[in-house]
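Here is the naming used below: chain letters follow the sequence lines, and residue numbers restart at 1 for every chain.
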4 protein chains.
Amino acid sequence: MMAIIKDNTILCQLELFRNFGIIEDMKKKDAHKTEQIIEAARAIIIADGAAAVSTTKVAKQVGIAQSNIYIYFKNKDELLISVFQHEQARVKAFFDDHISQKGDLTAQLKAYIDAMGELAMTDWDTMAILEQIKAMPKSPVLTDEALPGSDQRVQGLMQAGIDAGILKNVDPQLHMTAVFSLVRRYSDLVRNHGYPTDFSPVRAMIWDAVSAK
Amino acid sequence: MMAIIKDNTILCQLELFRNFGIIEDMKKKDAHKTEQIIEAARAIIIADGAAAVSTTKVAKQVGIAQSNIYIYFKNKDELLISVFQHEQARVKAFFDDHISQKGDLTAQLKAYIDAMGELAMTDWDTMAILEQIKAMPKSPVLTDEALPGSDQRVQGLMQAGIDAGILKNVDPQLHMTAVFSLVRRYSDLVRNHGYPTDFSPVRAMIWDAVSAK
Amino acid sequence: MMAIIKDNTILCQLELFRNFGIIEDMKKKDAHKTEQIIEAARAIIIADGAAAVSTTKVAKQVGIAQSNIYIYFKNKDELLISVFQHEQARVKAFFDDHISQKGDLTAQLKAYIDAMGELAMTDWDTMAILEQIKAMPKSPVLTDEALPGSDQRVQGLMQAGIDAGILKNVDPQLHMTAVFSLVRRYSDLVRNHGYPTDFSPVRAMIWDAVSAK
Amino acid sequence: MMAIIKDNTILCQLELFRNFGIIEDMKKKDAHKTEQIIEAARAIIIADGAAAVSTTKVAKQVGIAQSNIYIYFKNKDELLISVFQHEQARVKAFFDDHISQKGDLTAQLKAYIDAMGELAMTDWDTMAILEQIKAMPKSPVLTDEALPGSDQRVQGLMQAGIDAGILKNVDPQLHMTAVFSLVRRYSDLVRNHGYPTDFSPVRAMIWDAVSAK
DNA sequence: GATGAATGAGTCTTCATTCAT
DNA sequence: AATGAATGAAGACTCATTCAT
């Protein structure tokens with residue numbers, strides 16, 4: 001019994017100790033757990049689809065109790081939203097890196113198409129996850145700005161292209177669809193069906209589809 | 001013995017009676033139950049997605065006991081496959097009506113695009129269902145010839161177009177993706193976002209995307 | 001429509017015809033169906049145990065509608081009882097063939113042991129089925145005279161042996177158990193574990209167990 | 001920050017408090033639930049056979065929700081295995097108590113027979129349960145060392161007896177069957193049919209069956 | 001913060017039995 | 001005699017969520 005008391009004392013001291021010093025660490029630890037959970041959810045989505053995500057499975061994969069999920073996320077939905085945003089952020093970062101604001105509009109548009117092509121190849125999983133969550137029966141993610149590249153900035157770019165007479169005068173969504181779906185299909189063919197990794201013909205298809213003349 | 005004969009007579013009369021009036025109804029009811037179940041499943045898919053289909057919900061919607069589903073379908077999977085084939089048949093019928101084998105290749109290809117455009121508008125649900133079931137986590141439908149327009153015949157048409165130098169020399173799947181995804185997006189914009197119902201600009205996008213030169 | 005009426009007429013005539021002539025055939029047909037059902041149940045018991053018997057499976061195996069089972073048997077229990085009696089009859093026939101009433105008591109008792117040994121080898125399935133049904137959770141067969149060899153006649157034989165001072169003065173059930181369980185085990189070892197097919201040591205064990213002195 | 005420290009203090013006090021009083025109760029409750037479930041399963045097996053065990057019934061008997069079973073056991077099979085091992089342990093303990101390694105072989109063998117006799121009387125349920133689970137259609141318990149007394153040690157004892165010329169030169173399984181089945185039958189007669197509780201004639205039967213001369 | 005326990009609703013599936021035809 | 005349809009009950013199992021500790 002004494003031993004247990006001692007254990008408790010030690011535990012308390014540790015707790016105290018922790019509180020005074022390593023709060024940063026704590027937060028990091030917490031953040032890390034959050035990260036781990038999101039990562040586990042990601043893995044499940046990639047393996048078995050978004051519908052297969054369950055708190056049980058996620059917790060098991062992380063190695064924590066099922067109920068712990070609810071410490072880090074209010075809901076299963078909130079978890080999925082976090083995963084979604086996580087991937088969205090990755091996409092955003094990618095575009096921040098790859099799209100320059102300079103150059104003429106045509107160059108920017110072509111750069112965007114190429115960037116999407118590269119993204120589809122390098123971050124296949126990311127895109128799959130975004131699609132999966134969006135396509136869920138009662139998706140927790142409803143906003144239209146969800147699809148990668150379809151955020152405000154890209155939509156603006158497209159609109160500018162239309163206004164400048166570079167792109168066909170149709171709803172920008174159609175342009176974005178042309179880019180997105182062809183790029184996705186191309187990366188699928190390359191990844192899963194041994195299609196040659198030459199993006200130029202696909203780039204041509206897309207450009208012909210969207211360009212005004 | 002007489003009794004038995006009488007019984008038989010009565011039986012025969014009953015049989016006769018049935019033939020004149022109610023047999024139609026009876027048979028229809030039997031076949032109709034199957035139909036009703038499929039219809040209920042359809043409705044659920046349209047409303048909440050394929051993952052939301054459950055034997056319980058389907059049965060409730062039809063107004064029968066849940067276990068009855070298993071009289072008409074071996075499995076939930078079999079039910080979904082039936083729904084799928086049901087819709088597939090609809091698509092096939094549509095194309096049998098709308099695509100002529102005559103005319104030059106270019107005309108045929110353009111006719112196909114227009115047919116897809118019309119199909120996407122008139123049979124929105126059908127296409128949504130096919131997509132939904134195909135995209136299911138562990139889809140009971142695996143064959144590639146599933147997506148509307150991606151069956152053998154269409155693929156052949158595309159290949160012919162490529163061989164004749166009319167279409168770009170890329171994997172026919174890419175052509176089909178261009179047609180399918182733009183047409184889908186267009187119909188979505190029209191249906192759900194008040195986009196003007198003018199297919200011609202979309203047709204132009206598609207054609208520019210796929211045509212050589 | 002006329003055709004259908006005709007069909008009905010023909011049907012009626014056939015029915016009549018049947019009633020006047022081939023009642024014998026009918027009965028044979030019926031008996032055969034009954035037999036088929038019992039046979040199917042037997043097969044299922046042997047393969048998966050008595051608990052695995054279901055009207056569904058039996059009907060499927062026979063190739064008839066599930067509900068037809070209830071034409072030939074009032075109950076699933078009645079069916080199992082029939083199977084049981086079927087096998088019991090087989091055992092009875094075996095003993096009628098193999099046990100002679102003549103000879104002195106010792107010879108008769110030894111003959112019985114040998115007969116049991118042979119039965120366990122030749123009619124393994126039969127014995128397995130009898131055991132299975134008897135051991136069922138809520139067995140439809142409750143009577144003690146069920147186990148092969150434990151019927152009146154055998155019990156009488158044992159009692160006579162006891163009275164004559166040939167067998168140990170214990171409850172005949174114990175004698176029967178000695179015979180039955182050792183014989184079963186022996187046949188199991190032979191059938192399933194490559195034990196040499198020499199019954200004599202087993203016969204010795206049994207005889208030593210039961211014989212007085 | 002202070003608040004957090006206080007919380008910790010309180011927490012520590014609570015922890016301490018727990019250690020002095022209620023922790024015992026708590027832990028017992030947890031372990032006890034497992035025990036209760038096993039006990040309920042036991043009761044059902046004894047009353048209606050192993051096939052009658054269902055998660056629903058077990059849960060109802062314990063007074064918990066059916067799904068709770070799955071907190072304590074991965075499977076229904078795992079539950080049954082646990083019940084099995086539970087009983088097996090009881091048997092093992094019994095033999096550890098009742099069988100001495102000392103004395104000559106003959107004495108040991110006779111001691112084993114007597115021990116089995118006593119076990120069959122005192123732990124009737126235990127043996128019934130072990131038999132029941134072993135005999136299940138698709139038993140979760142497959143190992144041969146399952147039957148009470150048939151574990152390695154007993155088999156070794158038998159083999160030693162054979163080698164020493166004390167027991168008949170037959171498969172040890174046959175010896176074990178002789179012991180087990182006669183002892184079972186005897187206890188059944190005593191328990192359920194008012195047979196006199198004198199083991200000596202049964203001991204004689206068994207010994208005559210197994211002994212070499 | 002972390003956990004184990006609890007639960008009720010839901011998942012698919014099988015079954016024995018009845019009934020109208 | 002034969003069948004297809006119907007059904008309610010039961011089967012095992014999963015899940016999202018809550019709560020006391």
Side-chain angles (χ1 to χ4, degrees), chain A residues 15 18 26 29-30 33 52-59 64-77 79, chain B residues 7 11 14-15 17-18 22-23 26-27 29-30 33-34 51-59 63-77 79, chain C residues 15 18 26-27 29-30 33 51-59 64-77 79, chain D residues 4 7-8 11 14-15 17-18 22-23 26-27 29-30 33-34 51-59 63-77 79:
Chain A
E15 292 290 328
R18 255 194 323 181
M26 283 316 293
K29 233 179 202 171
D30 290 350
K33 244 328 136 57
V53 175
S54 85
T55 57
T56 321
K57 276 187 259 178
V58 170
I64 57 175
Q66 185 194 188
S67 55
N68 283 20
I69 303 290
Y70 290 83
I71 297 170
Y72 297 96
F73 300 92
K74 194 185 143 236
N75 256 347
K76 198 186 120 182
D77 275 11
L79 165 56
Chain B
D7 277 9
L11 195 77
L14 280 172
E15 293 287 327
F17 185 67
R18 246 197 331 179
I22 328 166
I23 226 182
M26 289 315 295
K27 277 217 170 157
K29 229 175 205 169
D30 291 350
K33 213 39 105 33
T34 309
V53 174
S54 86
T55 56
T56 321
K57 274 186 264 179
V58 170
I64 57 176
Q66 178 246 20
S67 57
N68 281 21
I69 303 290
Y70 291 84
I71 297 172
Y72 298 94
F73 299 93
K74 197 183 143 247
N75 258 351
K76 197 186 124 183
D77 274 12
L79 166 56
Chain C
E15 293 289 328
R18 251 191 331 176
M26 283 316 293
K27 271 207 175 163
K29 234 180 201 169
D30 290 352
K33 241 337 131 55
V53 175
S54 85
T55 57
T56 321
K57 275 187 259 178
V58 170
I64 58 176
Q66 185 193 189
S67 54
N68 283 19
I69 303 289
Y70 290 82
I71 297 170
Y72 297 95
F73 299 93
K74 194 185 142 234
N75 255 349
K76 196 185 121 182
D77 275 10
L79 165 56
Chain D
I4 297 175
D7 277 8
N8 266 312
L11 194 76
L14 279 173
E15 294 286 328
F17 185 67
R18 245 193 335 177
I22 327 164
I23 226 183
M26 288 317 295
K27 277 216 171 157
K29 230 175 204 167
D30 292 350
K33 214 36 105 33
T34 310
V53 174
S54 86
T55 57
T56 320
K57 273 186 265 180
V58 170
I64 56 175
Q66 178 247 19
S67 57
N68 281 21
I69 303 291
Y70 291 85
I71 296 172
Y72 298 93
F73 299 92
K74 198 183 143 246
N75 258 351
K76 196 186 125 184
D77 274 12
L79 165 56

Novice: Using whole Å, what does the distance between atom P of nucleotide E:dT11 and atom CG of B:D77 come to?
Specialist: 15 Å
Novice: Counting the atoms with a prime plus P, OP1 and OP2 as sugar-phosphate, which does A:V53 contact under 4.0 Å by heavy atoms, base, sugar-phosphate, or nothing?
Specialist: sugar-phosphate
Novice: Identify the two heavy atoms, one from D:F73 and one from D:T34, that lie closest to each other, and give their separation to 0.1 Å.
Specialist: CZ-CG2, 3.7 Å
Novice: Passes side-chain contact (heavy atoms from CB on, under 4.5 Å), B:I71 versus B:K33? Steps please.
Specialist: CA-CA 10 Å; B:I71 297 172; B:K33 213 39 105 33; over 6 Å; no
Novice: Go through the N and O atoms of the side chain of C:Q66 and the base of E:dC15, and report whether any donor-acceptor pair is under 3.5 Å.
Specialist: no
Novice: If the cut-off is 4.0 Å, is B:K57 near the phosphate of E:dG10, judged by side-chain N/O to OP1 or OP2?
Specialist: no
Novice: Rounded to whole Å, please give me the gap between CZ in B:F73 and P in E:dT14.
Specialist: 16 Å
Novice: So, is B:N75 near the phosphate of E:dC12, with a side-chain N or O under 4.0 Å from OP1 or OP2?
Specialist: no
Novice: What about D:S54: does its side chain form a donor-acceptor pair under 3.5 Å with the base of F:dG11?
Specialist: no
Novice: If you check the A:Y70 side chain, which of F:dA16, F:dT7, E:dT18 turns out closest?
Specialist: F:dA16
Novice: Verify, without hydrogens or angle tests, whether B:K76 (side chain) and B:T55 (backbone) share a donor-acceptor contact under 3.5 angstrom.
Specialist: no
Novice: Any idea which heavy atoms bring A:A52 and A:K57 closest together, and the distance?
Specialist: O-NZ, 2.9 Å
Novice: When we call it a touch if two heavy atoms are under 4.0 Å apart, what does C:I69 touch: a base, just sugar-phosphate, or nothing?
Specialist: nothing
Novice: Is any side-chain nitrogen or oxygen of B:N68 closer than 4.0 Å to OP1 or OP2 of F:dT7?
Specialist: yes
Novice: Quick check for you: among F:dG4, F:dT14, F:dT18, whose closest atom lies nearest to any side-chain atom of D:S67?
Specialist: F:dT14
Novice: Just compare F:dG4, E:dC15, F:dA1 and give me whichever is closest to any side-chain atom of C:I71.
Specialist: F:dA1
Novice: Could you check C:A52 against D:I64 and say which one's nearest nucleotide on DNA chain E is further toward the 5' end?
Specialist: D:I64
Novice: With pairs defined as Watson-Crick or G-U wobble and both distances under 3.5 angstrom, please note down DNA chain E as a dot-bracket string, | for pairing with another strand.
Specialist: .||||||||||||||||||||
Novice: In Å and rounded to the nearest 0.5 Å, what is the OG1 to CD1 distance from D:T56 to D:I69?
Specialist: 9.0 Å
Novice: Hey, is the side chain of A:T55 poking within less than 4.0 Å of OP1 or OP2 on F:dA16, counting only N and O atoms?
Specialist: yes
Novice: Given that B:A65 and D:K76 both sit by DNA chain F, which one's nearest nucleotide is further toward the 5' end?
Specialist: B:A65
Novice: Tell me whether the OP1 or OP2 atom of F:dT17 has a side-chain N or O from A:K74 closer than 4.0 Å.
Specialist: no
Novice: At less than 3.5 Å, do the side-chain atoms of B:T56 and the base atoms of E:dG10 form a donor-acceptor pair?
Specialist: no
